[in-house]
Asks: 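Quick one: this structure, given as structure tokens, is what I'll be asking you about.
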Amino acid sequence: MAIPTLAMIPSGYKAGKLYSVLPSDGTGDFTVARNSVATRVNQSGLIEEVGVNVPRLDYSAGGCPVLLTEIESQNLITYSEDFSQWGNARTTDTANQAISPDGANNAGFFEQQSGQTDSGSIFLSSLSLSSGTYTQSIFAKKKDKNFIVCYSANAERTYFNLSNGTIGTVAAGNTAKIEDYGNGWFRCAITYTITTGSVIAFYLADTDNSTTVTDSGGVYIWGAQLEVQPTATSYIKSNSGSATTREADLVNGAGSAA
């Protein structure tokens, strides 16, 4: 194999800089700028926040990391982990009931109220969403219920099977994706286009494409996100009471074209 002219190693970085091993005189180093914190999946498979201007070496695919670079995005959900700030319909939510994808005991338990057989939800209203393409996502893990349902701003339901990590019934006009984050956690996402909207929600279900449930039980939830993007980007923690922006990753340098 030919000796490369440019080579980097995962340990060779700091805020604002991504070092190359070759060439060794520094001309192959990259400068990195991102005027906000951001998240990556670390070597232990956990989602972690990294500081301003720190390169994101992401281990989502396992093995060697990749340099994660993304455009700017904003989580329009103002409380992405504190579900006590959301509304409940025939459900209750209890904080700090399971280890979440970031390794802390901060996942909520989203549970159907006893005696209620119509599928219950946790919801956000009065969002005042303008026209555009949105991606809505949440991390979920099975406890008692098999399905979580993403309810779009178009009032459409898409079903995700948490017992086997598959997609169930997808609403017309939606595209759906499910990603395995280990330890029973899945990121469930839908993408759709709206003219206007004000409400998004997540529902519980026992079976695919059904709005009837059998009494109590629920799922663990964490890390809800709504962004004006055609796909889900890396998780943006947004627990301040206002929308949170992750700035774009800007990576430049590495010497001349040669």
Side-chain angles (χ1 to χ4, degrees), residues 75-93 107-113 116-163 165-179 185-214 216-232 235-236 238 243:
N75 190 351
L76 300 176
I77 292 172
T78 57
Y79 290 98
S80 62
E81 298 174 17
D82 183 1
F83 295 102
S84 68
Q85 303 292 331
W86 293 50
N88 290 87
R90 301 175 298 280
T91 62
T92 58
D93 54 270
F109 180 45
F110 170 38
E111 181 180 20
Q112 184 82 13
Q113 289 178 349
Q116 298 283 345
T117 56
D118 289 335
S119 176
S121 71
I122 190 168
F123 63 87
L124 289 176
S125 58
S126 303
L127 290 174
S128 299
L129 303 176
S130 58
S131 62
T133 298
Y134 290 77
T135 296
Q136 175 180 331
S137 61
I138 196 166
F139 293 86
K141 177 179 179 177
K142 177 182 176 178
K143 185 178 185 293
D144 311 297
K145 299 297 184 187
N146 289 324
F147 285 82
I148 191 168
V149 184
C150 289
Y151 182 88
S152 76
N154 288 326
E156 304 158 328
R157 300 182 188 225
T158 293
Y159 290 71
F160 295 87
N161 189 334
L162 301 178
S163 64
T166 58
I167 298 169
T169 298
V170 179
N174 286 196
T175 57
K177 183 178 182 179
I178 189 167
E179 294 178 278
W185 283 99
F186 296 95
R187 192 182 195 188
C188 306
I190 55 172
T191 300
Y192 52 91
T193 300
I194 63 171
T195 302
T196 60
S198 61
V199 179
I200 65 164
F202 298 96
Y203 279 81
L204 293 165
D206 290 322
T207 57
D208 185 31
N209 203 25
S210 173
T211 58
T212 301
V213 297
T214 304
S216 59
V219 302
Y220 297 116
I221 54 174
W222 180 82
Q225 191 153 304
L226 179 68
E227 49 192 324
V228 189
Q229 298 290 354
T231 189
Y235 174 55
I236 303 168
S238 183

Asks: Please list every donor-acceptor pair under 3.5 Å in which a side-chain atom of residues 194-206 meets a protein atom from a residue at least two apart or in another chain.
Replies:
residue : atom : partner : partner atom : Å
Asp206  : OD1  : Lys145  : NZ           : 2.9
Asp206  : OD2  : Thr214  : N            : 2.6

Asks: Answer yes or no: is there a side-chain heavy-atom contact under 4.5 Å between Gln112 and Thr91?
Replies: yes

Asks: In the structure I gave you, are the side-chain heavy atoms of Thr191 and Thr133 within less than 4.5 Å of one another anywhere?
Replies: yes

Asks: Between Asp93 and Asn88, does any side-chain donor sit less than 3.5 Å from a side-chain acceptor?
Replies: yes

Asks: Nearest 0.5 angstrom please: Tyr134 OH to Gln225 CD, how far?
Replies: 14.0 Å

Asks: If every non-hydrogen atom of Ser137 is compared with every non-hydrogen atom of Ala189, which pair is closest and at what distance?
Replies: CB-CB, 3.8 Å

Asks: Let's go through Ser152 and Ile190 carefully: what are the C-alpha distance in whole Å and the side-chain angles of both, what is the deciding distance for side chain to side chain contact (heavy atoms under 4.5 Å, CB included) to 0.1 Å, and is it a yes or a no?
Replies: CA-CA 8 Å; Ser152 76; Ile190 55 172; 3.9 Å; yes

Asks: Answer whether the closest heavy-atom distance between the side chains of Ser216 and Glu111 falls below 4.5 Å.
Replies: yes

Asks: Measuring from Phe160:CZ to Arg187:CZ, what's the distance to the nearest 0.5 Å?
Replies: 11.5 Å

Asks: List the atom of Tyr151, the atom of Gln136, and the distance in Å for their closest heavy-atom pair.
Replies: O-NE2, 3.1 Å

Asks: Knowing that exactly one of Phe83, Tyr79, Tyr235 qualifies, which makes a ring pair (Phe, Tyr, Trp, His ring centres under 6.0 Å) with Trp222?
Replies: Tyr235

Asks: Give a yes or no answer on whether the side chain of Asn209 reaches the backbone of Tyr159 with a donor-acceptor pair at less than 3.5 Å.
Replies: no

Asks: Using only atom types and a distance under 3.5 Å, with no angle test, would you say the side chain of Ser119 pairs donor to acceptor with the backbone of Thr211?
Replies: no

Asks: Side chains of Thr212 and Thr117: any donor to acceptor distance under 3.5 Å?
Replies: no

Asks: Is a donor on one side and an acceptor on the other found under 3.5 Å between the side chain of Asp144 and the backbone of Gly218?
Replies: yes

Asks: If I take atom OG from residue Ser84 and atom CD1 from residue Ile122, how far apart are they, to the nearest 0.5 angstrom?
Replies: 9.0 Å

Asks: Nearest 0.5 angstrom please: Thr175 OG1 to Ile167 CD1, how far?
Replies: 9.0 Å

Asks: I want to check something: taking the side chain as every heavy atom from C-beta on, are Leu162 and Cys188 in contact at a cut-off of under 4.5 Å?
Replies: yes

Asks: Report the distance from atom CD of Glu227 to atom OG1 of Thr135, rounding to the nearest 0.5 Å.
Replies: 6.0 Å

Asks: Nearest 0.5 Å, please: how far is CZ in Phe147 from NZ in Lys142?
Replies: 9.5 Å

